[in-house]
2 protein chains.
Amino acid sequence: MSSIDHKYSECVSIPTPRPKRATVHDVAVEAGVSRGTVSRYVNGERYVSAAARESIEAAIVKVGYVPNTAARNLVMQRSQAVGFIVHEPHALFVEDPNIGEILLGANTALSEADHQMVVLIVDSERDTDRVARYLSGGFVDGVIIVSARANDPISRVVERLAVPAAYVGHPPGASTASFVIIDNSGAARAITERLIGTGRQRIGMIAAALDRDSGADRLAGFTAALGDRFDERLVEAVPLYSYSAGRDGMQALLERAPDIDGVFAASDAVAAGALEALRAAGRRVPDDVGVVGFDDSAWAKRTLPALSTVRQPAAGLGRQAALLVLDQIRGVSAPNEMLLDSAIVWRDSA
Amino acid sequence: MSSIDHKYSECVSIPTPRPKRATVHDVAVEAGVSRGTVSRYVNGERYVSAAARESIEAAIVKVGYVPNTAARNLVMQRSQAVGFIVHEPHALFVEDPNIGEILLGANTALSEADHQMVVLIVDSERDTDRVARYLSGGFVDGVIIVSARANDPISRVVERLAVPAAYVGHPPGASTASFVIIDNSGAARAITERLIGTGRQRIGMIAAALDRDSGADRLAGFTAALGDRFDERLVEAVPLYSYSAGRDGMQALLERAPDIDGVFAASDAVAAGALEALRAAGRRVPDDVGVVGFDDSAWAKRTLPALSTVRQPAAGLGRQAALLVLDQIRGVSAPNEMLLDSAIVWRDSA
DNA sequence: CGAGAGTCTGTGAACGTACACAGAATGCCA
DNA sequence: TGGCATTCTGTGTACGTTCACAGACTCTCG
């Protein structure tokens with residue numbers, strides 16, 4: 001890293017002469033009315049005469065008035081911001097298209113409601129403290145929490161502060177917060193049964209993120225589908241929904257059970273990693289081993305062969321979580337639960 | 001989508017009885033000092049006696065005081081927030097790990113400086129207006145702009161408002177804003193020369209996003225490397241750095257020039273799409289056709305074969321852009337330019 | 001002892017908005 | 001004409017903080 005050029009202006013000591021913004025007072029003077037009337041007009045309230053309305057409109061464009069958010073927030077006792085808390089390592093945030101989709105869905109819904117979204121990524125211990133402090137600071141009116149873990153310190157802080165919250169996935173512990181989910185267990189069961197239906201005899205699973213409800217539920221669905229035929233030696237647990245974890249998990253399964261002929265990977269990224277390991281081991285997919293994933297993320301269509309998987313409405317999850325938080329902020333409803341549909345997408349990998 | 005359960009509390013009319021927060025005044029009373037002294041302590045200023053300090057510390061934990069940001073922002077005339085503007089379609093935001101990395105790098109640097117990052121994604125015309133309004137509203141003290149286009153309305157708004165800004169990539173037009181770049185042209189030239197060195201005779205390029213400086217510069221580097229051997233029929237321009245654009249671009253090249261034996265794809269995602277098209281056409285990589293990409297993103301290691309590409313310090317770009325904005329906000333320096341290093345990573349695709 | 005420097009403290013005024021309240025103007029009806 | 005509802009308007013206060021200022025107190029040194 002190198003700097004090509006450093007240009008310093010001569011008047012470096014002057015911080016910023018920022019042209020001072022017009023206030024509601026300036027508009028009032030310009031329009032020949034009072035602050036109150038301008039305020040009423042701006043907030044679309046009743047009781048503003050046609051004459052006043054016209055002169056205010058003209059005055060606003062003349063002085064270039066834009067309401068000051070800080071002042072408004074101060075008196076309204078709110079910030080018009082919602083935190084988006086992702087409890088994952090930085091690397092996974094980049095790698096998992098799912099999180100990006102959820103983020104986008106939430107961002108869209110919040111924007112439409114004139115709220116800003118503040119992204120908070122919790123990776124290290126240090127982040128936990130920082131985010132907890134941040135939440136206590138009243139920077140946000142509510143939070144959306146993605147991939148909370150069991151015994152999550154952030155969730156405890158959220159609960160203690162009683163800030164409106166919505167989880168994507170089940171909230172940890174006995175929380176009564178809002179959440180939006182898909183039926184992970186049911187979907188996992190369904191795709192496993194479908195995999196069984198292709199005639200596989202030795203079906204294993206690369207289970208990931210068992211400390212989150214999604215990971216645990218997918219394993220539960222897998223177990224339920226196999227019933228008596230379940231063999232715990234065919235389950236390999238990996239920590240994260242990541243490509244490298246999938247590769248390592250598949251390698252472990254191949255060593256422990258060389259006769260394995262079907263694999264349910266807990267996510268598409270995991271499945272993609274598994275495909276690499278299978279390729280390295282000289283196994284053909286789907287001829288020798290059938291592989292199914294979960295998410296229907298960008299990975300699914302771009303692996304070779306393309307993945308059979310469970311379609312998850314990631315953007316919808318984000319959107320609904322945002323709406324649930326907004327409802328609580330407006331006080332129009334108590335915490336709610338919501339279930340979105342998922343579906344099996346059958347491609348070439350099984 | 002279906003709702004499983006709607007629980008409404010009985011007292012739905014009461015908006016939120018939010019326990020009112022302690023103020024600096026409460027702390028002052030509890031500690032037996034004045035507001036001013038508490039303020040000085042909180043802001044780490046001089047002239048606070050040891051006795052006062054102790055009683056204030058005790059009072060703060062007792063009443064559970066956290067400073068009110070809105071009030072502070074109001075009097076300080078700033079928001080402690082920086083906008084992160086991405087000028088891309090939603091789909092690409094999810095697909096391109098590069099943007100995620102830049103976002104993460106910026107977010108980390110901003111967090112360390114106690115600034116929050118507000119993500120603003122500009123996709124449609126409607127978004128442009130919304131974001132422009134947002135910027136005028138004083139919600140942010142500065143902005144980081146990623147993938148600005150020529151004649152970008154957002155950039156014009158930023159310039160007009162004179163809000164501190166830093167671009168990732170060259171700013172459009174004659175802007176004098178800060179920016180942080182890599183040498184796209186030089187890197188493109190270097191990897192093309194390397195590709196030539198493998199003995200390829202008919203080398204083409206899938207050029208993407210020519211309305212952005214990165215896209216145009218990569219094409220320029222490619223052209224320069226080929227010199228006399230440049231054949232414009234071997235260049236296919238596609239609109240976006242996306243997988244599907246890469247696939248379509250490669251198909252077009254194959255139709256126009258079936259004897260093509262080398263391809264420089266403008267990004268890894270584009271290269272991954274090109275690999276699919278080549279596979280579909282029955283060409284082997286790298287045996288029949290050599291392919292190189294750009295970015296060294298998650299795509300590069302996971303295509304088959306793994307991509308030879310240019311490593312770009314994406315997180316570093318975000319981080320430096322954040323630092324450049326922070327410098328301007330603090331008024332410690334005028335707009336700056338910064339060049340980060342890139343390097344060629346040679347793998348199996350060429 | 002008095003002057004001056006250095007340390008510490010409290011008070012009053014902003015910052016820009018929303019909201020409650022009082023009051024003015026108008027229209028209507030008895 | 002008086003009374004009353006309705007519409008509209010202006011003023012004062014509050015939100016929680018920072019900052020400038022004035023003043024009190026402690027030292028030190030001539």
Side-chain angles (χ1 to χ4, degrees), chain A residues 15-16 18-57 59-60 63-81 114 136-139 141 330, chain B residues 15-16 18-57 59-60 63-81 114 136-139 141 330:
Chain A
T16 3
R18 285 274 202 116
K20 56 186 172 302
R21 291 168 48 185
T23 74
V24 69
H25 182 77
D26 301 327
V27 176
V29 171
E30 180 69 35
V33 295
S34 73
R35 296 187 337 263
T37 307
V38 176
S39 176
R40 273 185 290 272
Y41 168 80
V42 170
N43 296 313
E45 285 172 32
R46 288 165 50 192
Y47 302 144
V48 180
S49 66
R53 193 185 318 275
E54 275 178 40
S55 53
I56 290 173
E57 279 167 359
I60 283 180
V63 303
Y65 170 71
V66 219
N68 180 310
T69 329
R72 176 176 279 171
N73 289 349
L74 176 60
V75 65
M76 305 282 287
Q77 308 273 51
R78 43 144 219 228
S79 66
Q80 293 287 98
D114 272 319
S136 318
F139 289 80
D141 296 335
R330 297 189 191 113
Chain B
T16 4
R18 285 275 201 116
K20 54 185 176 302
R21 291 168 46 185
T23 74
V24 70
H25 182 74
D26 301 327
V27 176
V29 171
E30 180 68 34
V33 296
S34 73
R35 291 185 346 259
T37 307
V38 176
S39 177
R40 273 185 290 271
Y41 168 78
V42 170
N43 295 314
E45 284 172 32
R46 289 166 46 190
Y47 301 145
V48 179
S49 66
R53 193 186 317 275
E54 275 179 39
S55 54
I56 290 173
E57 279 167 359
I60 284 181
V63 303
Y65 170 72
V66 222
N68 180 310
T69 328
R72 175 177 281 172
N73 289 349
L74 176 59
V75 66
M76 306 280 289
Q77 308 273 51
R78 45 143 215 230
S79 66
Q80 292 288 98
D114 271 319
S136 318
F139 289 79
D141 296 334
R330 298 191 190 110

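A note on names: the letters A, B, ... follow the listed sequences, proteins ahead of strands, and every chain is numbered from 1. No hydrogens, no waters, no symmetry mates; every other heavy atom, side chains included, goes into these values.
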Nucleotide C:dG10, atom P - distance to OH of B:Tyr41 in whole Å: 16 Å
Any B:Tyr65 side-chain nitrogen or oxygen under 4.0 Å from OP1 or OP2 of D:dT17: yes
Whole-Å distance separating the OH atom of B:Tyr47 from the P atom of C:dT11: 21 Å
N/O (side chain, B:Asn68) to phosphate O (OP1/OP2, D:dC15) under 4.0 Å: no
side-chain N/O B:Asn73 vs C:dC15 OP1/OP2, d < 4.0 Å: no
Nucleotide C:dC19, atom C1' - distance to CZ of A:Arg78 in whole Å: 13 Å
Minimum heavy-atom distance between A:Asp26 and A:Thr23, given as atom pair plus value: OD2-N, 2.9 Å
Phosphate OP1/OP2 of D:dT18 contacted by B:Ser39 side-chain N/O (<4.0 Å): yes
Value in whole Å for how far the P atom of C:dG12 lies from NE2 of B:His25: 13 Å
Atom of A:Pro67, atom of A:Arg21 and distance for their closest heavy-atom approach: O-NH2, 3.2 Å
Sugar-phosphate only, base, or nothing, as touched by A:Val42 at under 4.0 Å among non-hydrogen atoms: nothing
Quiz item: A:Arg35 side-chain donor-acceptor pair to D:dT13 base, under 3.5 Å: yes
OP1 or OP2 of C:dT9 under 4.0 Å from side-chain N/O of B:Ser49: yes
A:Leu74 CG to C:dT17 P, straight-line distance once rounded to whole Å: 12 Å
5'-most by nearest nucleotide on DNA chain D - B:Arg72 or A:Gly32: A:Gly32
A:Leu74, A:Val75, A:Asn73 screened by side chain to side chain contact (heavy atoms under 4.5 Å, CB included) with B:Leu74, the one that passes: A:Leu74
Derivation and outcome, side chain to side chain donor-acceptor pair (under 3.5 Å), residues B:Glu57 and B:Tyr41: CA-CA 9 Å; B:Glu57 279 167 359; B:Tyr41 168 78; 3.1 Å; yes
First of B:Arg46 and B:Ala71 reached from the 5' end of DNA chain C, by closest nucleotide: B:Arg46
Sugar-phosphate only, base, or nothing, as touched by A:Ala52 at under 4.0 Å among non-hydrogen atoms: sugar-phosphate
Nearest-Å distance for atom pair CZ/P, residues A:Arg21 and C:dA14: 20 Å
B:Thr23 vs D:dG16: side-chain N/O to OP1/OP2 distance below 4.0 Å: no
Pair B:Ser79-B:Asp141, side-chain donor/acceptor within less than 3.5 Å: yes
B:Thr37 side chain near C:dG10 phosphate (N/O to OP1/OP2, under 4.0 Å): yes
Nearest-angstrom distance from the residue atom CG of B:Asn43 to C1' of D:dT18: 8 Å
